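Letters go in sequence order (proteins before strands), and every chain restarts at 1. Since this is a predicted model, take the numbers as computed values, not measurements.
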Amino acid sequence: MTTRDKIVDTLEEIALLLELKGENPFKIRAYRTGAEVVQSYPGDIVQKAADNQLKDIKGIGSALQEKLQELASTGELEFHKNLRAEFPESIFELFDIQGLGPKKIKALYEQLGVKGLADLQRVCDSGEAAQLAGFGKKSVDKIREAIAFREQNSGCFHQDVAMASAELVREALQAHPAAGRVEAAGSLRRGKETLHDLDFIVATKRPQEIMDYFVGLPFVTQVINHGSTKSSIRLENGIQCDLRAVSNTELPFALNYFTGSKEHNVAMRGRALKRGYTLNEYRLAPTGEAKDISANIHEEADLYRALGLDYIDPALRENAGEIEAAEKGLLPRLVELENLRGTFHNHTIASDGNATLAEMADAAQELGLEYLGIADHSKASFQANGLDEKRLRHQIAEIAELNKTYEGFRLFAGTECDILKDGSLDFDDGLLSELDYVVASVHNVFNLPEKEMTARLIRAIENPHVTMLGHLTGRLLLKREPYAVNVPMILDAAAETGTLIELNANPWRLDMDWRWWKLAKEKGVKCAINPDAHSTRGLQCLAFGVRIARKGWLTRDDVINCLSLAKVTEAIAAKRQRHS
DNA sequence: CTTTCTCTAAAGTGCACTGTGGCCAGTGC
């Protein structure tokens, strides 16, 4: 069965391969456009393609119509197969290296026979790469750094992929008749920003049966371990998944132990010892005269209570003050997805999103939100089709019109305004003042020294129209390092000016990092959880943002999205009013 | 490869930055 995703992937791969061949850039773009159109087409485009009913779809001309028909009806495409045959499979690895584009990959492949990462490392080390035209010592050094960065993160995955895989595994396990409770543990449960494996615990009386079933599941591509209570497999996407079978009574202990973090566990064990117990993954047992209380422990919460602690949410288990807080009854009541009543920073087809204003608004309402902020790119982000003054004013008017049609819901007119190299903004204050709010973000010149980058951001923060700072460090998890910026100084400036900091909920960003939010909260800086959605589906990234906010100890009072429509309207106008 | 047109040919997203090689090409947003 051909799926929409497969068609999209095929078209994108064709674009990549054509680039490698040095084809006409417009032809390449046509395939990329085609992929986008297929991705966002409302309706069953696969069926339509198979039936050759693709006429009059903008972006799909005669050549793509034919290819899509072949692809949809046969599941294959001769043209694609032939293209693939021209290059080794592993060549795609090279596109993950920052600083390598199609031209350089082409040169490496044709002149040095570089087929993948291993070859790339070799020709960098041997000095061959530096000899190529267009290459030199500096570029080779950069490539080596990029390889090292990639290797450091190899076997790591973004939250969206990990969560989807975890759901698949959980459902499969739960379906077995001998499976009792099935729980995800590990860093997934703690809500870490990236993950390298999935840990599951199942309560059962027949562990061997569960293990045999687990390693034989259809999505298993490799069996790493297969024992009577512990097995490890690899999924199709490369994620390793460990499963442990325990008894019902052991479950709370196993769950606690395998959720971690290691540091949290060490602290817990130490605490148990002080109270006369030894704690491990199976039980809490008295070491001396203490009374055996294990029969009273059915849930993790009972275990924490037994150690004189309030229940500590998995998100907080990083040994970063959570045990002390739990002892004193000072743990925060963490924000929940259900607390969010709206969100900011979302894109539409006006810039690089693929849904219209109305579609985004409808999707937001379906999620139960009361307001949605639109923040399309500004003109300096040309590559993202950023709006100029005229188009933005047109969008403001469009939003005003749409707002007349809603009851109990509102679109906010905003912008994701580029912060230019010197810290000035891409739009003048006159236009910014016509908007409901402004997200200010950096999209170019990432390599400034920390001092200059910090000054750049602070200058933007000091603009009275800047409501919030977008993706603070510009990092792309597992792909690009954050840029150098002094976060405490930024937080001070934000606190002083009443500027919000975004928690960008895109699983590739999750920026500002969760490790800073506790400090931000202490300084009185508020958070805006934003999905940075480029489609209606993208709004669901909010869930990832909430997970990170929880790791940052944030409560509903710290997150502006938890305010009602009336209150949030005041809140986003507050900074500006200080200055008027 | 697609769209648009002045309708069978031309135009189709711009800029900053980096490094290399000698004033340009590749990359990334």
Quick one: do the A:Q240 and A:H196 side chains pair a donor with an acceptor below 3.5 Å? no
Taking any heavy-atom pair under 4.0 Å as a contact, classify A:G34: base, sugar-phosphate, or nothing. nothing
Base, sugar-phosphate or nothing for A:P102? Non-hydrogen atoms, less than 4.0 Å. sugar-phosphate
Within a 6.0 Å radius of atom CZ on A:R537, are there more than 12 heavy atoms belonging to other residues, nucleotides or ligands? no
Distance-only side-chain donor-acceptor flag, A:D429 / A:N463, under 3.5 Å: yes
As a test of reading the structure: which of B:dC17, B:dC29, B:dT13 is closest to the side chain of A:Q383, going by heavy atoms? B:dC29
When the C1' atoms of B:dT13 and B:dT2 are compared, how many Å lie between them, rounded to an integer? 15 Å
Could you state the atom-to-atom distance from CD1 of A:I28 to C1' of B:dG28 in whole Å? 16 Å
Selected nucleotide, minimal atom distance to A:V445 side chain, candidates B:dT2, B:dA16, B:dG14: B:dA16
Among B:dC29, B:dT3, B:dC1, find the nucleotide with the atom closest to the side chain of A:K58. B:dT3
Considering only heavy side-chain atoms of A:A63, the closest of B:dC29, B:dT13, B:dT2 is B:dT2
Roughly how many Å apart are B:dA11 and B:dA16, using the P atom of each and rounding to a whole number? 25 Å
Heavy atoms only, 4.0 Å cut-off, all strands: where does A:S139 land among base, sugar-phosphate and nothing? sugar-phosphate
Given the structure, check if the side chain of A:R29 and the base of B:dT13 hold any donor-acceptor pair shorter than 3.5 Å. yes
Side-chain atoms of A:K103 come closest, of B:dG26, B:dC17, B:dC1, to B:dG26
Name the closest nucleotide to the A:K104 side chain, picking from B:dG26, B:dT3, B:dG14. B:dG26
Students often get this wrong, so: under 4.0 angstrom with heavy atoms, is A:K67 touching a base, only sugar-phosphate, or nothing? sugar-phosphate
Base, sugar-phosphate alone, or nothing: which one does A:N385 contact when heavy atoms must sit under 4.0 Å apart? nothing
Pairwise distance CG(A:D96) to CZ(A:F149) - rounded to 0.5 angstrom: 11.5 Å
Considering only side-chain heavy atoms of A:K138, which listed nucleotide, B:dC29, B:dC17, B:dG19, is closest? B:dG19
Counting any heavy atom closer than 4.0 Å, what does A:S62 reach on the DNA or RNA strands: base, sugar-phosphate only, or nothing? sugar-phosphate
